[in-house]
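Everything below concerns the one structure shown next.
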Protein chains: 2
Amino acid sequence: MAITQSADNRHSKPVLVAVNNTLDENDGLEALRSHALFSSLKSNDLDSLIHQSRRLRLGHHQLLYRQDMPAHHFFFVLSGRLRLYRLDSSGIDRTLDSIAPGDCFAEVMIYADPPRYACYAEALKSSEVLMIPVKAYQELLDQRPEYAQAALRHYAMRAVSRFHDLEIMTVQNARDRLIRYLIDLLPNGTHEGGEVELPLPKCLVASRLAMQPETFSRILADLKANGLVRVNRSKLFISDPQRLIAISQ
Amino acid sequence: MAITQSADNRHSKPVLVAVNNTLDENDGLEALRSHALFSSLKSNDLDSLIHQSRRLRLGHHQLLYRQDMPAHHFFFVLSGRLRLYRLDSSGIDRTLDSIAPGDCFAEVMIYADPPRYACYAEALKSSEVLMIPVKAYQELLDQRPEYAQAALRHYAMRAVSRFHDLEIMTVQNARDRLIRYLIDLLPNGTHEGGEVELPLPKCLVASRLAMQPETFSRILADLKANGLVRVNRSKLFISDPQRLIAISQ
DNA sequence: TTGAGTAGTTGAGTTAAGTCAACTATTCGC
DNA sequence: GCGAATAGTTGACTTAACTCAACTACTCAA
C-alpha cells in the first residue's frame, strides 16, 4: 500500500497525515535487531513490535514531525540521514543533532504528559525510517517490565551525550568549539587520526556550533592552511589529533 | 558515627574516602519520598534503600566526586546547593549544571560500563546529601522491574532538559543567551513576571553561558538600566518577560 | 571586628567574530 | 545535461565580546 503523506517541504508544510503500508519487506531490519534498545527483546516480542510498525520514505528536506506535535511514534533510521532542530520565537532554525542509519530517536518526549516531540525532525536527504508506535512499545514494557532496563541504559547514555554536547558549547571561541567537535567525530578517540565525514552540511554544522557559515569556512580554511586537516567536500582527514588539541588552548 | 572524608577543597584534593554514619535521623526525607524516582516505591522498598544509604555533610567548595571516578553511589540533595562541572585538557573549569535541594543527580553514568561519573560535583555552600548505593538500587530494580518505569521517565526528562540547554547555547550572542537563561529560571513561564534567584554565583553563570564575567556584568547592568530587570545580589526581579523576549531578537 | 581572599564592576584598548556583498561550486529536479 | 536554487568561499568593514587593569563589595574565618 502507498505511503500517504503530505508531500510539502520546509517549514511551511503539514507533515505525517496517515501511513498504512505494512512492513512486509524485511531488509534493513538486522540493524534494528542489533540496536541496544531491541537486542534484549525475545524474538516474538520484537516481531510483534515490527509488525505494528510502518516503513516510511522521506524525500530531501521532508519534515517527519514538528516540535510540540503529539508523539504517537518513535523512529529507527533504516537509511539516509535526518536532523533535529528547534525554532525559537523569532523563527530562527537551530540545528541540535543529526541522526544516522542505525540510530533510534524521538524517544525523548514519550514519557512526558502529554507526550510531545521536543523538536522538529527532517530528512537531510532521501531517507527511510521505521515508525514504531509508542503505544505498542509501552504495552510491551507493561507486559515485560524487564525490558525497561535496556531503555533505561539507552536514555542514560543519551543524557550523558547531551551533557557532553553542552560542554563543547561552553567553550568560548569558535575555533576551539570546531576543533572539539571534529575530535569527537573521530571514531578511535584522539590517539589515532582518521577521516571523518561531517554529519551535516557545513552551514548546519556552523549553526550547531553557534557560529556563522562564513566563520566556519574561514576557520576550516585556516586549519587547512596549517596542515591540520585535509578537506574533501564533507570529508575531513585529520592526521594528528593531538596537534589539533594542542592548538585549541 | 562520624563522617570520614578527606576534608580538602578545590581541585587538588582527594575526595570521598569512606563514610559510615548510619542514617538514623529522618528529617529531610519527606522530599525524597515525593521525588519522581521514589514516590512509586512501596514503603518497605524505599525504607530498605534509605537504610542502605548514608547522609553526608559537605563544606563550602568541598568536592563530592571526580570526573571518571567509578560511580558507586548516586545522590539526593537534602540541603545546600552543588554544581556539576568538567575540566578539559587545559584544566579549564566548565560549569554545566547546578543542583538544588530535592534534586537527584549523578545517575547519568550508572548504566555505563564501567559506571563512572561524567563530571565533577562540588558543594557551592555547606550542603547535605544522601548517598544511595547504585548496587542497592539496581538490586531493587532487578527484584521489581516495574520500578524501572519511573527511572525511565526521570531519564527521559533529563535528556529533554539537556537538549533544551543545548538549544540556548546555539544562540550566537551573549545577551540573548543570558535573556533565555533568565526566562527559563522563571517558575511560571513567560506570561508572568517574578523574582528568580541565580542558582550559581554570577561568575559561574557566566561560565555556564560561555561568556566572561565582565560581559555578564555589563549585560546585566544594561538590562537594569533599561528597566528590564531589578537586581538585588543574586536575586533578579523580572517584571515583564515578554518585553525581555522581544528585545532578544 | 577585622582583614584576607574572592566575587563583582567599570573603563580603555584589542581582537574575534558578525555582517554585507560578490562571487564560485555543487546539487537536484526537469 | 541544463539551469535554477542552494551551499560554500572570500574580502572589506563593523561590532560584540575578550583582555588587562584598577577598583569596590562581599564573605568567611581567625
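No hydrogens, no waters, no symmetry mates; every other heavy atom, side chains included, goes into these values. Each chain gets a letter, A, B and so on, in the order the sequences are listed, and its residues count up from 1.
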Does this structure show an ion pair linking B:D165 with B:R158, if we count only N-O contacts that are shorter than 4.0 Å? no
Please tell me if A:K125 has a side-chain N or O lying less than 4.0 Å from either OP1 or OP2 of C:dC28. no
Between B:D97 and B:R162, is the closest basic N to carboxylate O distance under 4.0 Å? yes
From the options C:dA16, D:dG8, D:dA17, select the nucleotide whose nearest atom is closest to the side chain of B:A174. D:dA17
State whether A:R94 and A:D88 are salt-bridged, where the test is any N-O pair (Lys NZ or Arg NE/NH1/NH2 against Asp/Glu carboxylate O) under 4.0 Å. yes
State whether the side chain of B:H35 and the backbone N or O of B:D103 hold a donor-acceptor pair below 3.5 Å, judged by distance alone. no
Specify the separation, in whole Å, of atom CZ of B:R175 and atom C1' of D:dC18. 17 Å
Roughly how many Å is it from CG in B:N173 to P in D:dA17, rounded to a whole number? 5 Å
Which nucleotide in the set C:dG8, D:dA16, D:dT27 lies at the smallest distance from any side-chain heavy atom of B:R233? D:dT27
Rounded to the nearest angstrom, tell me the gap between atom CD1 in B:I92 and atom P in D:dC18. 13 Å
Helical bend (five base pairs per end, nearest 10°) for the helix from C:dT1-D:dA30 to C:dC30-D:dG1: 60°
Can you measure from OH (B:Y85) to CG (B:L204) and round to the nearest 0.5 angstrom? 10.5 Å
Between A:R83 and A:D93, is there a salt bridge with N-O shorter than 4.0 Å? yes
Between B:R177 and A:C203, which has a closest nucleotide on DNA chain D that is more 5'? A:C203
Given atom CD of A:Q62 and atom P of C:dC28, what is their separation to the nearest angstrom? 15 Å
Using atom CD1 of B:I179 as one end and atom P of D:dA16 as the other, report the distance to the nearest whole Å. 14 Å
Under-4.0 Å side-chain N/O to phosphate OP1/OP2 contact, A:Q172 with D:dC18: yes
Below 4.0 angstrom, N of the basic side chain to O of the carboxylate: do A:E167 and A:R180 qualify? yes
Rounded off to whole Å, could you give me the CG-to-P distance for the B:L124 and D:dC28 pair? 12 Å
DNA chain D contacts among residues 204-222 of chain A, heavy-atom distance under 4.0 Å: A:E214, A:S217, A:R218, A:A221
Rounded to whole Å, please give me the gap between CG in A:L178 and P in C:dG18. 12 Å
Under a 3.5 Å threshold, yes or no: a donor from one side chain and an acceptor from the other, between A:T95 and A:R208? no
Whole-Å distance, B:I247 CD1 to D:dA16 P, equals 13 Å
Ring center gap for A:F105 and A:F76 short of 6.0 angstrom: no
